[in-house]
Amino acid sequence: MTNTAFIEAMPKVELNVFLEGAIQTQTLLMLADHNEISETLKRYETWVSLINEPDYARVYEIARMASSWLKQPDDLTRIVYDVATSLAKQNVRYAEMSVNPALFSDMNLSFEDFLVAINDGRDRAQRAWGIELAWVFIIPREEPRRADELARWATTAAARRGGVVALGVSGDEASQPIGQFERAFKSAEKKDVARVARIREKGAKGAESILKAIEILNPTRLIDAWGADESPDTLTALVDNDITMVVSPTRAVKQGWVATVADYPLRKLYDSGISLVLGSDMPTFYHTSLNGEYLAAVEQCGLLQEELENLALNAVRSSMLDADAKAEMVKSFEQAYAELKLEPVEAEEPAS
């Protein structure tokens, strides 16, 4: 079995996909047309071009603009269904999808109504494709004043019943220091709600920023954490605090941190003993997918199929599923991987 066929067939869990960065372009443009965005938005065609070929220094700005083209609760339902369908077609069985309610504030929905809209899409996808979704409610780093409000909502019984499993922070890291979100994260921790933080500052301050985030936020999961491989103290802190690190090498290339995926320190991170997981992040903007990240890990970073299995199982174990569900999923995944290995081995098609 080729690497491509193996990856396409293996069941997986996705822990790092952002709804606003995963909206299918065709769906987004259809909704924009339905909502007459081109008639009211200056430079509409320029924004469409940026969605197709982003300026990655402006990726959060582009995501905010694209999200503003959704005007009705049914629009939210549709994009959730489409993103879930795309994940299901990659053999993703369970996903924890990050959503930033602030991006859709023009709809004037209460948190309850927002949750109803996205869960309508979630439920439709589960019935149609069998994929399960849960939500990570994201605080936009550019809007720290919303942190306490989002933390209060994400920790309610209604949020938990609606599938909210974590509170997160993401966005332009130059806008606000991480300490602005300490109170919100402490509130979530007291309510036993998981915490997710995107930390990625490049260069000498990368590891320093990660350690600071660990100290202040006590996160359950870190996204990107660029520079962790350069600091033994940081790797030790990740292991000792049982913090999962979720990475997308394609994002690192698009952001200019490395020249190619082969330059990404995936092997070093894997061998360090941390709980390492691959995610697609904003697959529409970064022109990637979870399957694509797995394939790049093998073909460009030198990981073996068995090591891909470990990454996939790390995602299960690091999820917010309950212990019984995790154990059952790990068992079913391991059985599926063993069966895939019994398939005949085929040579990869030569590159054209």
Side-chain angles (χ1 to χ4, degrees), residues 16-21 23 57-71 73 75-76 79 96-119 134-160 162-201 205 208-225 281-282 285 320:
N16 179 37
V17 59
F18 285 76
L19 178 61
E20 66 271 18
I23 304 172
R58 300 173 62 189
V59 68
Y60 296 119
E61 180 187 358
I62 297 166
R64 182 175 293 276
M65 174 57 71
S67 300
S68 73
W69 298 354
L70 280 62
K71 299 298 183 183
D75 296 347
L76 279 171
I79 64 169
E96 292 174 0
M97 190 178 297
S98 295
V99 293
N100 178 354
L103 293 177
F104 309 97
S105 57
D106 288 350
M107 293 186 188
N108 294 315
L109 297 176
S110 66
F111 283 126
E112 291 84 353
D113 290 339
F114 180 83
L115 198 54
V116 167
I118 61 175
N119 277 340
W135 310 110
V136 179
F137 265 27
I138 295 295
I139 303 166
R141 192 148 176 174
E142 304 87 345
E143 301 181 50
R145 287 178 295 180
R146 303 201 61 163
D148 291 341
E149 177 189 16
L150 279 164
R152 282 194 298 271
W153 167 245
T155 57
T156 63
R160 294 198 184 199
V164 179
V165 295
L167 179 72
V169 62
S170 181
D172 182 2
E173 290 180 270
S175 60
Q176 297 291 337
I178 200 66
Q180 294 273 30
F181 308 96
E182 180 177 10
R183 186 167 62 185
F185 269 54
K186 294 298 183 186
S187 176
E189 185 178 2
K190 288 178 182 178
K191 297 290 184 68
D192 198 29
V193 173
R195 288 86 56 206
V196 179
R198 185 191 288 281
I199 302 295
R200 68 132 183 91
E201 292 183 34
K205 294 182 179 180
E208 180 182 322
S209 298
I210 298 166
L211 289 171
K212 186 174 182 180
I214 291 172
E215 177 186 356
I216 293 174
L217 301 182
N218 191 24
T220 312
R221 183 184 303 159
L222 289 180
I223 301 170
D224 291 338
D281 204 282
M282 294 185 173
F285 297 150
M320 309 308 172

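Please read these numbers as outputs of a predicted model, since none were measured by experiment.
The environment of CD in Glu215 is sparse: at most 12 heavy-atom neighbours from other residues, nucleotides or ligands sit within 6.0 Å. Counting heavy atoms of neighbouring residues, nucleotides and ligands inside a 6.0 Å radius, atom NZ of Lys212 does not exceed 12 of them. Within 6.0 Å of atom CZ in Arg160, more than 12 heavy atoms from other residues, nucleotides or ligands are found, so the atom counts as buried in its surroundings.
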(message) Set out, in order, the CA-CA distance, both residues' side-chain angles and the distance that settles side-chain hydrogen bond (donor to acceptor under 3.5 Å, both in side chains) for Trp69 and Asp75, then state yes or no.
(response) CA-CA 9 Å; Trp69 298 354; Asp75 296 347; over 6 Å; no

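Proximity of a side-chain donor or acceptor of Arg195 to a complementary backbone N or O of Asn218 within less than 3.5 Å is detected.
Residues Trp153 and Phe114 are not in side-chain contact: their nearest non-hydrogen atoms beyond the backbone lie 4.5 Å or more apart. Using a 4.5 Å cut-off on side-chain heavy atoms (C-beta onward), Phe137 and Leu115 make contact. Counting heavy atoms from C-beta on, the side chains of Met282 and Tyr60 come closer than 4.5 Å. In this structure, Leu103 and Leu19 have side chains that are not in contact, with every pair of non-hydrogen atoms separated by 4.5 Å or more. Proximity of Met320 to Thr220: side-chain heavy atoms (C-beta onward) are separated by under 4.5 Å at one or more points. A 4.5 Å side-chain heavy-atom check between Ile199 and Ile214 finds every atom pair outside the cut-off. Contact annotation: the side chain of Phe111 approaches that of Leu150 to within less than 4.5 Å [non-hydrogen atoms, C-beta and beyond]. Side-chain contact between Pro73 and Val116 is absent, with no heavy-atom pair separated by less than 4.5 Å.
Atoms CG and NZ, from Leu217 and Lys186 in turn, are 8.0 Å apart once rounded to the nearest 0.5 Å. One finds the OG atom of Ser170 at 8.0 Å from the CG atom of Asp224 (value rounded to the nearest 0.5 Å). Taking CG from Asp113 and CE from Met107, the interatomic distance works out to 11.5 Å, rounded to the nearest 0.5 Å. Rounding to the nearest 0.5 Å places CD1 of Ile223 at 4.0 Å from CG of Asn16.
Checked for salt-bridge contact, Arg64 and Glu143 meet the test: a charged N lies under 4.0 Å from a carboxylate O.
Between Glu20 and Ser67 the shortest heavy-atom distance is CB-OG, 3.4 Å. Of all the heavy atoms in Leu70 and Ala66, the pair that sits closest is CD1-O, 3.9 Å.
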